[in-house]
Amino acid sequence: MMRIEGKMGCTKVRIDPAKLPQHIAIIMDGNGRWARRKFLTRIKGHEKGIDAVRNIVEACREMGIAYLTLYAFSVENWRRPASEVNALMRLLKNYLLKERDNLIKNEIRLQAIGDLDRLPVEVKETLFQVIEETKKGDKMTLILALSYGARWEIIKAALRMAHDLNTGIIQEKEVTPDLFSGYLTTSPYPDPDLLIRTSGELRLSNFLLWQLAYTELYITPTLWPDFTKDELFKAIEDYQKRERRFGMTSDQISGLHAKS
Ligand code: IPE
Ligand code: IPE
Ligand code: MG
């Protein structure tokens, strides 16, 4: 069987291409600390973080990951100093303009989730333009979570479902977790199989609270600008060693594998 091999120091990393996660979600954290350690401004940390984004998108595309969701800006991040928010918006727009040709060439479809109306108009326009230009990409879907908050998303979904209940489009007895998932902004995508958070924080920070119910978590102390392709391979290797039981017993899971 073909294996993807990377290196972590002297240790070889082995990935089984037959057991890749279909959807990886990443909380890209630690740009500020990375900059502080180097006596640089936080903005320099965010700039360096974009290089890591490029590498990781490229690695996922090369490996054949179908969906990659990147938490780029939370709804709570609007509370940061205006100078930092403005710099992040400028970097986001530049990233989109710089990457569009690459995304088209590599047949990567760009999507976005979050309260996009809060984005500055020129960022929103660029975003929608690149989403449109890349819509035929069928090798990978790159989903940017921008001005995203899971609680906000769940409330919006609940309101839409309540509307459909009130108007008789759906009946109460039809309401299931699957049906509710269909009202979320993530409805076109499967739930993430693997969540990576860099910089060691042990929290979800309002990211995909509903969708992460059965996702495998991988937290690394590495700061986002230092997160390399090999670090990603290591996370996937770790994921592949786990047994996803979804509430069943280990014997049941082995039985299922034996049948398939
Ligand atoms: C993540 O890095 C980037 C965004 C949240 C936009 P941070 O800016 O949160 O970095 P730290 O947590 O201060 O190190
Ligand atoms: C989460 O990181 C949001 C993004 C990575 C975009 P934060 O750095 O904002 O998270 P908290 O505030 O420390 O939980
Ligand atoms: Mg942070």
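When reading the values below, keep in mind they use all heavy atoms of this one structure, side chains included, and skip hydrogens, waters and symmetry mates. Keep in mind that this is a model prediction, so the values were computed, not measured. Remember, it's 1-based here, ligands and their atoms both numbered in the order they're listed.
For the residue pair Lys93 and Val123, the shortest heavy atom distance occurs at CB-CG2, 4.3 Å. Residues Tyr214 and Arg244 come closest through the heavy atom pair O-NH2, 2.9 Å.
Put simply, part of His46 is less than 4.0 Å from ligand 1, judged by heavy atoms. For Arg80, the heavy-atom gap to ligand 1 drops under 4.0 angstrom. Residue-ligand proximity: Ser199 is placed with every non-hydrogen atom at 4.0 Å or more from ligand 1. At a 4.0 Å cut-off, not a single heavy atom of Glu201 sits close enough to ligand 2 to count as contact. Within the structure, the closest approach of Ala72 to ligand 1 falls below 4.0 Å when heavy atoms are considered.
Remark: ligand 2 atoms within the under-4.0 Å shell around heavy atoms of Arg203 are 11 (P), 13 (O), 14 (O).
Among Gln111, Gln22, His23, the one residue that satisfies the side chain to side chain donor-acceptor pair (under 3.5 Å) test with Tyr189 is Gln111.
Summary of contacts: the protein heavy atom closest to atom 10 (O) of ligand 1 is Gly32 N, 2.9 Å. What sits closest to atom 1 (C) of ligand 1 on the protein, heavy atoms only, is Met28 O, 3.0 Å.
Shortest distance from the Mg ion (ligand 3) to Asp29 is reached at OD1 (N/O/S atoms only).
Judged by distance alone, with hydrogens and angles left aside, the side-chain atoms of Gln240 form a donor-acceptor pair with the main-chain N or O of Asp16 at under 3.5 Å. Under the 3.5 Å distance criterion, the side-chain polar atoms of Arg42 are left unmatched by any main-chain donor or acceptor of Ala35.
With respect to Glu47 and Lys44, a salt bridge is recorded, a charged nitrogen being found less than 4.0 Å from a carboxylate O. In summary, Lys135 and Glu132 engage in a salt bridge, as defined by a charged side-chain N under 4.0 Å from a carboxylate O. Comment: Asp238 engages Arg242 in a salt bridge, judged by a side-chain N to carboxylate O separation of less than 4.0 angstrom.
Under 4.0 angstrom from ligand 2, the non-hydrogen atoms of Arg197 all belong to its side chain. Contact annotation: for Phe73 versus ligand 2, heavy atoms closer than 4.0 Å belong to the backbone alone.
Checked by distance only, ligand 2 and Asp29 come closer than 3.5 Å through their nitrogen or oxygen atoms. Note: no N/O pair closer than 3.5 Å links Asn77 and ligand 1 by distance alone.
Between Phe227 and Trp224, the ring-plane angle classifies as parallel under the 30° and 60° cut-offs.
Here atom 14 (O) of ligand 1 lies nearest to Arg33 when heavy atoms of Glu76, Arg33, Arg36 are compared.
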